[in-house]
Amino acid sequence: MLLTRLARVSQEVAATSARSRKIALLAELFRDAEADDVPLVIPYLAGRLPQGRLGIGWKVLSRPVTPAAEPTLTVREVDARLTGLGKVSGTGSQAERARLVGELMGAATADEQRFLFGLITGEVRQGALDAVAVEGLAAATETPPADVRRAVMLAGSLQPVARALLADGPTALDRFRLTVGRPVLPMLAHTASSVAEAVAKLGACAAEEKLDGIRVQVHRDGDTVRIYTRTLDDITDRLPELTSAALELRGDRFILDGEVIAFDAAGRPRSFQEIAGRVGSRVDVATAAEQVPVSPVFFDALSVGDRDLLDLPFTERHTELARLVPEPMRVRRTLVSGPDDVRAAEDFLAETLKRGHEGVVVKALDAAYSAGRRGASWLKVKPVHTLDLVVLAVEWGHGRRTGKLSNLHLGARTADGSFAMLGKTFKGMTDAMLGWQTERLQRLAVEDDGWVVTVRPELVVEIAYDGLQRSTRYPAGVTLRFARVVRYREDKGPEEADTIETLLAAHPEVRP
DNA sequence: TTCCGACAGTGGGGTCGCAAT
DNA sequence: ATTGCGACCCCACTATCGGAA
């Protein structure tokens, strides 16, 4: 199949907003693909590369290359060239990679160049990624979408499922079973604004500590242990303590879900930054492990022995977990019978925060373990802080925000009356706010370099954030974690904005 | 008819590792 | 040694479609 066909369909998919139409367009293309093209066509139109990461980014791809006049590239040729690209490594490799990218782009028409750019940077912007491609695949093969989604969860990605389904038909899905040693997509939590809201939605539930570390899925089969991240990367070699911990447990065959965290000398949880640095260290693991030893805290069991627990209610999975994992390695929790029992959950949240953790996750007791779309049966609740800050500058948006001023630069007052930048945010704005701020901020503009518009520091905005973290980038030595806009405060002048001093005083545990 | 779950999009900061300077 | 870039950790929120209630 020619690449130009994919590029054209991708444009058509992007042009329609109806999900049903997107699915129909994808299904039609999948049906037309030859057997050998299928393993490429499906991930390409799901916005993914079968090779995974290539080491090529926005910078290299942005160099202009004269496009080809006629479309000649086939999907298989593109795949072969990208595979070659991924294999280039060593000294001088960056120049060689750039040369190969230039060759590929030079063989592509302008439309194809646009498609390849989106594919490699992961920004296809056609309004259809994995989930819609799964629906398209289900339609093309006349298989129930729920069955395809479940197989994708068990396989960890779309490609193997697509290949099996198109080669052998719907019965091939039976091959995708939970297997120790093969990671599955983890179940994720939604957000609730309060414990009361979460309990009202879920009924009988458990409130568990929410730990601010790195999610891990631990597989043990006899003496073999493998550890996977949320995106299913294998990080076994970076966390030797976890292998030891898994080998100490009584069972010799299981899959557990948990979080890796670390404690300081006083027994308080260390910051996310410290844990992420430790888990990210690959070169000298021994030294990193000495400086920041980590501990696992497990909260779910996906399989034990030869039993697949995924479809069991949480209560039963937890019974299995408790049988296998002793107390300190198991997450602290409390049971809540229902809305009349909210106080128990609220007290538990207060205790958890006092112990230095992030918040709680409220989990329905009757829910199965599912990465699919079986509703939000895990709800996280975290405290939210707010500040009044001053807009110092704003960046022009991309994609659907093209032509709108989007990403705000936020400043707090300093002792001398000037403003210190604390970070940026593009979150929390409605389309109406986006339109309003585009007009309002242009009136305050003192400079526009085509990317950043610098403004007079006069407009006050209320910002919500999850906490403070250390920063080497910003002048105060700190930055906001997960900042988002709540509302504009036109009733306030910049002289009423919050100061760096009050911010630091509110977070004594963080020192710049 | 209204409500709500699922999805995609729009990017945020930090850290590590590697190649180039 | 320092800098720039890419990969991967953590993530919030809004708009929209389409099925459920």
Side-chain angles (χ1 to χ4, degrees), chain A residues 13-14 16-23 47 52-61 89-98 120-135 149 188-191 193 201 212-216 229-233 235 238 259-260 271-284 288 358 372-377 380 382 384 395 397-402 404 406-410 422-434 463-474 478-486:
Chain A
V13 170
T16 174
S17 64
R19 206 127 61 201
S20 47
R21 177 80 186 127
K22 290 178 195 282
I23 291 166
R53 297 289 166 261
L54 290 175
I56 294 292
W58 191 85
K59 218 67 189 177
V60 173
L61 287 167
S89 66
T91 303
S93 63
Q94 230 160 57
E96 176 64 3
R97 282 216 288 271
I120 297 171
T121 58
E123 296 173 12
V124 289
R125 291 180 176 138
Q126 60 184 15
L129 297 175
D130 263 359
V132 174
V134 162
E135 297 280 341
R149 270 197 302 274
L188 303 175
H190 291 232
T191 304
S193 57
K201 274 190 182 163
D212 196 8
I214 306 288
R215 183 84 175 264
V216 285
T229 64
R230 199 168 89 85
T231 49
L232 310 189
D233 285 308
I235 54 166
R238 296 185 226 166
E259 189 93 358
V260 165
S271 73
F272 172 76
Q273 282 175 302
E274 291 175 283
I275 299 163
R278 160 64 211 277
V279 177
S281 297
R282 277 162 282 188
V283 173
D284 187 358
E358 217 190 345
R373 39 153 96 163
R374 228 177 289 174
S377 43
K380 56 184 161 187
K382 297 188 281 185
V384 175
E395 297 172 15
H398 297 88
R400 72 183 292 280
R401 292 192 180 186
T402 300
K404 294 281 196 293
S406 172
N407 197 4
L408 304 175
H409 294 200
L410 305 167
L422 276 180
K424 308 181 192 179
T425 186
F426 56 89
K427 296 178 185 136
M429 298 146 187
T430 62
D431 284 2
M433 286 166 83
L434 220 45
I463 297 293
Y465 65 104
D466 277 21
L468 206 59
Q469 53 186 352
R470 269 204 281 273
S471 172
T472 54
R473 178 180 311 212
Y474 293 113
V478 292
T479 186
L480 304 179
R481 193 155 182 220
F482 309 138
R484 59 268 190 191
V485 172
V486 178

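The basis for the numbers below is simple: all heavy atoms, side chains too, and nothing from hydrogens, waters or symmetry mates. We name chains A, B, ... by the order of the sequence lines, and we start the count at 1 in each one.
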Measuring to OP1 and OP2 of [N], would you say a side-chain N or O of [X] lies under 4.0 angstrom away?
X       : N       : value
T229(A) : dC8(C)  : no
R282(A) : dT15(B) : no
H398(A) : dG11(B) : yes
T479(A) : dG12(B) : no
Q273(A) : dT15(B) : yes
N407(A) : dG12(B) : yes
R230(A) : dC10(C) : yes
Y474(A) : dG13(B) : yes

Have a look at [X] and say if it touches a base, only the backbone sugar-phosphate, or nothing, with a 4.0 Å heavy-atom cut-off.
X       : value
T425(A) : nothing
E123(A) : nothing
I275(A) : nothing
V132(A) : sugar-phosphate
D233(A) : sugar-phosphate

Length of the line joining [X]:[atom1] and [N]:[atom2], which is rounded to integer Å:
X       : N       : atom1 : atom2 : answer
L129(A) : dG9(B)  : CG    : C1'   : 9 Å
F272(A) : dG12(B) : CZ    : P     : 17 Å
I120(A) : dG6(C)  : CD1   : P     : 12 Å
D212(A) : dG14(B) : CG    : P     : 15 Å
I214(A) : dA7(C)  : CD1   : P     : 18 Å
E135(A) : dC7(B)  : CD    : P     : 8 Å
D130(A) : dA8(B)  : CG    : C1'   : 12 Å
D284(A) : dT15(B) : CG    : P     : 18 Å

With a 4.0 Å cut-off, would you call [X] and [Y] a salt bridge?
X       : Y       : answer
R481(A) : D212(A) : yes
K424(A) : E395(A) : yes
R484(A) : D466(A) : yes

Which atom of I214(A) lies closest to which atom of A276(A), heavy atoms considered: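 So the two residues come closest at CD1-CA, 4.3 Å.
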Contact summary for V132(A) and G127(A), nearest pair of heavy atoms: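 What the structure gives for the nearest pair is CG2-O, 4.3 Å.
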Nearest-neighbour nucleotide for the Q94(A) side chain, dC9(C), dA19(B), dC7(B) considered: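 For Q94(A), the side-chain atoms sit closest to dA19(B).
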Nearest listed nucleotide, side chain of K59(A), among dG14(B), dG13(B), dG6(C):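 Within the option list, the nearest is dG6(C).
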Pairwise 5' ranking along DNA chain B for G92(A) and R473(A), keeping only the more 5' one: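 Result: R473(A).
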Nearest-nucleotide comparison on DNA chain B, the residue closer to the 5′ end among G399(A) and G277(A):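 The 5'-side residue here is G399(A).
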Contact state string [nucleotides 12-18 of chain C, B base, S sugar-phosphate only, - no protein heavy atom under 4.0 Å]: BSSS-BS
Note, R401(A) side chain near F426(A) side chain (heavy atom, < 4.5 Å):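 In short, these two side chains touch, coming nearer than 4.5 Å.
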Side chains of L468(A) and L480(A) in contact at under 4.5 Å (non-hydrogen atoms):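 Of all side-chain heavy-atom pairs linking L480(A) with L468(A), at least one is under 4.5 Å.
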Residue met sooner reading DNA chain C from 5', once W58(A) and G213(A) are mapped to nucleotides: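 With W58(A) and G213(A) compared, the 5'-side residue is W58(A).
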Interatomic spacing from CZ in R470(A) to OG1 in T479(A) - rounded to 0.5 Å: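 It is 13.5 Å, given to the nearest 0.5 Å.
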Point-to-point distance, once rounded to the nearest 0.5 Å, from CD1 of I275(A) to CD of E259(A):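 If I round to the nearest 0.5 Å, the distance is 8.0 Å.
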Nucleotide forming a Watson-Crick or wobble pair with dC7(B), both distances under 3.5 Å: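 Per the H-bond distance test, none.
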